[in-house]
Amino acid sequence: MGTAYLVGAGPGDPKLITLRGAELLRRADVVLHDALVSYSILELANPSAEIIDVGRRAGESRWLTQERINRLLVDLARRHSVVVRLKGGDPLVFGRGGEEALALVHAGVPFEIVPGVTAGLGALAHAGIPLTHRGLSTSAVFVTAHDADDPETDEEWRHLASLDGTLVIYMGGARMRAVTERLIRLGRSADTPAAVVESGTLPEQRVVQARLDELADRVGTLHGPALIVVGEVTRLREQLEWLRPGPLTGRSVMVARARSQRSRIARALRELGASVIEFPAIRSMPTPEAAAIPDALERLPGGGAIVFTGAAAVRGFMRSLAASGNDGRALAGFHLVGIGRETIEALRRAHLTCDLPLRSYLPIHVAAALRRSVGPLEAHPVLLVRDGQGPSALGEGLEAAGARVTQIEVAHRAVDGRGRQSIERTMAAGRLDAIVIPSSSAAEALIASGLVVAPAVRVIAIGPSTAATAERLGLPAALVPAGSGVDAMVAELVGGLGPSSAGRADSPLASASSD
Ligand code: SAH
């Protein structure tokens, strides 16, 4: 039997999950998550974890009852060692996490509860609204609007209306007018300052401040989860709003990828304020051929060269070496060659010195470098260790240049399309602005993931040849930068999109709740 972890995902921004939460996601065998948990948080999960969406969304008829979720959680914990139940905010705040924990107790399943920053704290702090402030408010009450139109709860709401501290109302988006009118009717002054924080801490965050009696009109249509905040503290936002928008603030961009590493493009876009997801995930899986490594090494004469073409090649090679009872000493007397920055970094992490770091995969460049540093190719056989991520013409090219080459593919690349549905929903709701295609192989991986790209999403290819591949695969690029490189691409995207204006199409989270 395993352990079930009830983990709070924090208010929305993936950086606001706890260290413990992130650690458990990395170790998870299975992750069960709610509608409030975004793809960006799920990206933190172990790539081989099974991800199950048990969230409810407006307009979806098929969802799991709480009882079925409880049962699923218990069943999974009996079959897997690390089961993460991931909930928006804090698992025990308006999230029925307590009920799930009780179900685990009754079933005798060991569990742990990992707190999260609840939206009522996190989204408010992010928006520059203190919960308490000397001279303005000495208390804060968290309440759900769930029963806001039930006359039986009048007494309770009369009490809430009489408090002059801060009132934070969860799940009030769809009942905003009912909630504000009721508070006024039961005694709170109509001119009390109030605010709504929608999609707090997320790129599409929107904050509206108004008098209590004008709030519902001023907010209009909501597209994401929202909190209503009532009290003097909301005025402080005028001075405490700290978020400085960048040129891509409020924009959502997907960067397609063909390798497992995080891309420089994604980093550059995030710095400009965009919310970035990288998709699909690329996993490297060991091949049966990897078992042949110790043998091949034994047959490689001293003075030979071991050429690694990728980080996964280095890891797969070392894994197979270790599995046969060997360690780094087995590599004494060979020249270690790494091609590509990440390969060289992987060698360093394995505590191996790369004798010949190379940047080019072109066979003529590799052959020339080997001749220069190792000696005549005829006298120095090559063991080429590949991971399916680099080009495959290298072996033949080196042979044509006179080298004796043994090739072993220790890992191969697998496109992992998990999370696809969540991205498709985001697209259907009009909340994905662009897809960046950084290479032809990324376009191919995207197609292999099965993602269906909505026509409204703008595709940007890094250059003409990538654009041609994308077009052939049915992804015509709307934007192709004039210059080359990451900077030109980012500039083109900024020019093409610009900062977001409010008022997007309905989001799938519009009436998401975890009750
Ligand atoms: N357990 C969660 C709350 C779940 S109830 C927590 O601790 O935060 C769902 C409600 O939480 C939504 O209706 C909304 O009122 C609020 N909420 C969750 N995430 C939010 C966000 N990013 N911005 C504003 N409100 C949010």
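This structure is a prediction, so every number in the text was calculated from the model and none was measured. Counting convention: from 1, in listed order, for ligands and their atoms alike.
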Student: Measure V197 to ligand 1 on non-hydrogen atoms and call it side chain, backbone, both or neither using the 4.0 Å cut-off.
Tutor: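 The part of V197 near ligand 1 is the backbone, not the side chain.
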Student: For atom 23 (N) of ligand 1, which of G224, G172, G200, P91 has the closest heavy atom?
Tutor: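 Comparing heavy atoms across G224, G172, G200, P91, the nearest one to atom 23 (N) of ligand 1 lies in G200.
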Student: For ligand 1, does P11 get within less than 4.0 Å through its side chain, its backbone, both, or neither, judged by non-hydrogen atoms?
Tutor: backbone
Student: Which bit of A226 is near ligand 1, meaning a heavy atom under 4.0 Å away: side chain, backbone, both or neither?
Tutor: backbone
Student: Could you tell me which residues satisfy side-chain hydrogen bond (donor to acceptor under 3.5 Å, both in side chains) with S441, sequence neighbours excluded, listed by chain and number?
Tutor: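 S441 satisfies side-chain hydrogen bond (donor to acceptor under 3.5 Å, both in side chains) with S439 once adjacent residues are dropped.
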Student: Against heavy atoms of F94, which atoms of ligand 1 measure under 4.0 Å?
Tutor: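 In order of number, 4 (C), 5 (S).
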Student: Should R182 and D149 count as an ion pair when the cut-off is N to O under 4.0 Å?
Tutor: no
Student: Show the atoms of ligand 1 that are less than 4.0 angstrom away from any heavy atom in T118.
Tutor: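 In order of number, 6 (C), 7 (O), 8 (O).
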Student: Could you tell me if any non-hydrogen atom of T201 lies under 4.0 Å from any atom of ligand 1?
Tutor: no
Student: For atom 3 (C) of ligand 1, which of the options V93, V37, L202 provides the nearest non-hydrogen atom?
Tutor: V93
Student: Does anything in residues 118-130 form a side-chain hydrogen bond (donor to acceptor under 3.5 Å, both in side chains)? List the pairs, not counting sequence neighbours.
Tutor: T118-Y170, H126-Q205
Student: Under the 3.5 angstrom rule, does the side chain of R257 hit a backbone N or O of P280 as a donor-acceptor pair?
Tutor: yes
Student: Has ligand 1 got any nitrogen or oxygen that is less than 3.5 angstrom from a nitrogen or oxygen of M171?
Tutor: yes
Student: Between D29 and S81, does any side-chain donor sit less than 3.5 Å from a side-chain acceptor?
Tutor: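 Yes, a side-chain donor-acceptor pair sits under 3.5 Å.
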Student: With heavy atoms of S199 as the reference, note each atom of ligand 1 found under 4.0 Å away.
Tutor: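 By the 4.0 Å cutoff, the relevant atoms are 22 (N), 23 (N).
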Student: Counting distance only, does the side-chain N/O of R270 pair as donor-acceptor with the main-chain N or O of V276 below 3.5 Å?
Tutor: yes
Student: If you measure from each heavy atom of A119 to ligand 1, is any distance below 4.0 Å?
Tutor: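 Yes; A119 lies near enough to ligand 1 that a heavy-atom distance drops under 4.0 Å.
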Student: Is there a donor in the side chain of T166 and an acceptor in the side chain of S137, or the other way round, less than 3.5 Å apart?
Tutor: yes
Student: Would you check the N or O atoms of E198, main chain and side chain alike, for any that come under 3.5 Å of an N or O of ligand 1?
Tutor: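 Between E198 and ligand 1 (N or O atoms, distance only) the closest approach is not under 3.5 Å.
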Student: With distance as the sole test, does E50 use its side chain to make a donor-acceptor pair with the main-chain N or O of V31 at under 3.5 Å?
Tutor: no
Student: Taking only Lys NZ, Arg NE, NH1 and NH2, and the carboxylate oxygens of Asp or Glu, determine whether R425 and D53 approach each other closer than 4.0 Å.
Tutor: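 A salt bridge is present here (some side-chain N lies under 4.0 Å from a carboxylate O).
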Student: For ligand 1, which atoms, with element, lie under 4.0 Å from some heavy atom of G88?
Tutor: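 Checking each atom against G88, I get 1 (N), 2 (C), 6 (C), 7 (O).
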